[in-house]
Amino acid sequence: MKNKRNILVAFDGSDSSKNALKQAIQYSKDESCELTVLTVLLPYEREVEFGLVKNIKGVLRELGDKTLSSAKSIARQAGAQIETVLGDGSIHEAIINTAKSRNCDLIIMGRRGMTKLERALMGSITARVIGFSPIDVLVMPDNSRIKWNKILLAVDGSKCSEIATDRALNIAQAYKGELKVVSVVDVPDAAYAEVPDAVDKMIWRARGVVKSVKDRAEKFGINSKGFIKEGLAHEEIVGTAKEIKTDLIIMGSHGRTGLKRFIIGNVTEKVIGLAQCPVLVVRDC
């Protein structure tokens, strides 16, 4: 994260986005980063010609300006300067296009506090931003903080996992943090009885992936520890993060190409929805 020099915060005035903004402001002050705050007007299709609201576009713009004023107030109280942008159109497209046009290298979004089921089915806007964005996305639950002391990296040996590993090593080295590495063997219970050799090979492969990351961490002088878990991947990742009280989860996104790219990996989506700490989803894969 030391190389993050231009950050975009998606801000909608909710408590989670206010917390995300406050954390981003502190980080930008510590690292001398440029900080842009974006509010996107709620989508509308046509003017409403009845009742008291005759110009819905004007009403929405007024609401957007008020939301950005709230962001400016938060920045002013923190003694920070921010750039603000009021966007419109498709929300996830506005977030991504603004980040790209301003050469941002990180997007920060708050995650609203919801029920367990709702969190498991993470908001479609967040999912679409992660799926389409070529830029890393940091998703922050309510009341979470940006910290780097203890990092949990989820790996599976894929290309996305390798890119996430590079990012995690960079962050851990820059902030002298501890790196915990977890790989989950997620197989049906029946497989243990029907194809035990295949399960053993999966466990052996997972150990190899974790060892490879730990070996690289050692070369960088990073204190690391590995975990091999068996079970549902998202549950084991979130459970491990809670068990070791990690500050940050880092993982890749298995986004698809074309129209379905917004459907990010099921494991990544559920981890984001259930984690109690921020989750950094690494892109470029």
Side-chain angles (χ1 to χ4, degrees), residues 1-43 58-114 118-119 122-123 125-130 133 135-149 171 175 247-249 272-273 275-281:
M1 297 288 285
K2 284 282 187 180
N3 62 347
K4 303 299 183 186
R5 287 291 173 260
N6 202 346
I7 298 172
L8 176 71
V9 178
F11 186 79
D12 62 6
S14 64
D15 289 342
S16 61
S17 70
K18 288 179 180 179
N19 176 66
L21 175 57
K22 291 175 182 178
Q23 292 299 311
I25 287 173
Q26 185 58 55
Y27 175 76
S28 66
K29 290 171 67 175
D30 293 341
E31 303 296 336
S32 300
C33 300
E34 298 292 330
L35 188 59
T36 300
V37 179
L38 169 69
T39 292
V40 184
L41 297 179
L42 293 175
V59 171
L60 293 176
R61 180 168 293 278
E62 182 178 347
L63 178 60
D65 288 336
K66 183 177 180 180
T67 301
L68 284 180
S69 293
S70 172
K72 292 176 183 177
S73 176
I74 291 173
R76 188 164 50 250
Q77 292 175 13
Q81 292 186 341
I82 61 173
E83 294 289 333
T84 59
V85 177
L86 184 60
D88 59 12
S90 171
I91 296 178
H92 77 277
E93 289 180 354
I95 293 171
I96 294 169
N97 291 338
T98 301
K100 290 167 65 176
S101 67
R102 290 179 171 259
N103 296 316
C104 295
D105 41 29
L106 180 66
I107 297 171
I108 298 181
M109 305 180 68
R111 190 203 73 194
R112 296 171 185 258
M114 301 176 285
E118 289 171 327
R119 292 200 308 267
M122 182 185 57
I125 292 175
T126 305
R128 287 171 183 254
V129 169
I130 293 171
S133 174
I135 301 165
D136 291 358
V137 181
L138 180 65
V139 183
M140 302 191 62
D142 285 348
N143 302 317
S144 61
R145 298 176 58 192
I146 296 179
K147 295 174 61 180
W148 323 103
N149 298 334
I171 294 173
Y175 292 97
D247 299 317
L248 173 70
I249 297 173
I272 291 171
Q276 297 179 358
C277 65
V279 179
L280 177 65
V281 182

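Residue Arg5 holds its CZ atom at 12.0 Å from CG of Leu106, rounded to the nearest 0.5 Å. Taking CG of Leu35 as the reference point, atom CD of Gln26 lies at 11.5 Å (rounded to 0.5 Å). Separating the CG atom in Leu41 from the CG atom in Leu86 is a distance of 4.5 Å, to the nearest 0.5 Å. Taking CD1 of Ile96 as the start and OG of Ser90 as the end, the distance is 8.5 Å to the nearest 0.5 Å. Taking NZ of Lys18 as the reference point, atom CG of Asp12 lies at 10.0 Å (rounded to 0.5 Å).
Residues Asp142 and Ser16 share a closest heavy-atom pair of OD1-CB, 2.8 Å. Across Ala20 and Ile108, no two heavy atoms sit closer than the pair CB-CG2, 4.0 Å. Shortest non-hydrogen contact noted between Ile135 and Cys104 is CD1-O, 3.4 Å. Ile95 approaches Met109 most closely through the heavy-atom pair CD1-CE, 4.2 Å. Contact between Pro141 and Asn19 at its shortest, heavy atoms only, is O-ND2, 3.7 Å. Closest approach of Ile125 and His92 over heavy atoms only: O-CB, 4.1 Å.
For NZ of Lys29, the number of neighbouring non-hydrogen atoms (other residues, nucleotides, ligands) closer than 6.0 Å is greater than 12.
Between Arg102 and Glu83 the shortest side-chain heavy-atom distance falls below 4.5 Å. Side-chain contact between Val9 and Ile82 is absent, with no heavy-atom pair separated by less than 4.5 Å. Side-chain contact between Arg145 and Met140 is absent, with no heavy atoms from C-beta onward closer than 4.5 Å. In this structure, the side chains of Thr84 and Thr39 stay at 4.5 Å or more apart for every pair of heavy atoms.
With hydrogens and angles ignored, the 3.5 Å screen pairs no side-chain donor or acceptor of Arg111 with any backbone N or O of Thr126. Between the Ser133 side chain and the Ile130 main chain, no donor and acceptor come within less than 3.5 Å of each other.
Only one option out of Leu248, Asp30, Leu138, Leu280 pairs with Ile146 in a side chain to side chain contact (heavy atoms under 4.5 Å, CB included); it is Leu138. Partner of Val37 under the side chain to side chain contact (heavy atoms under 4.5 Å, CB included) criterion, out of Leu21, Ile74, Thr67, Ile25: Leu21 alone.
Taking the six-membered ring where the residue is Trp, Tyr175 and Tyr27 present tilted rings, their angle falling between 30° and 60°.
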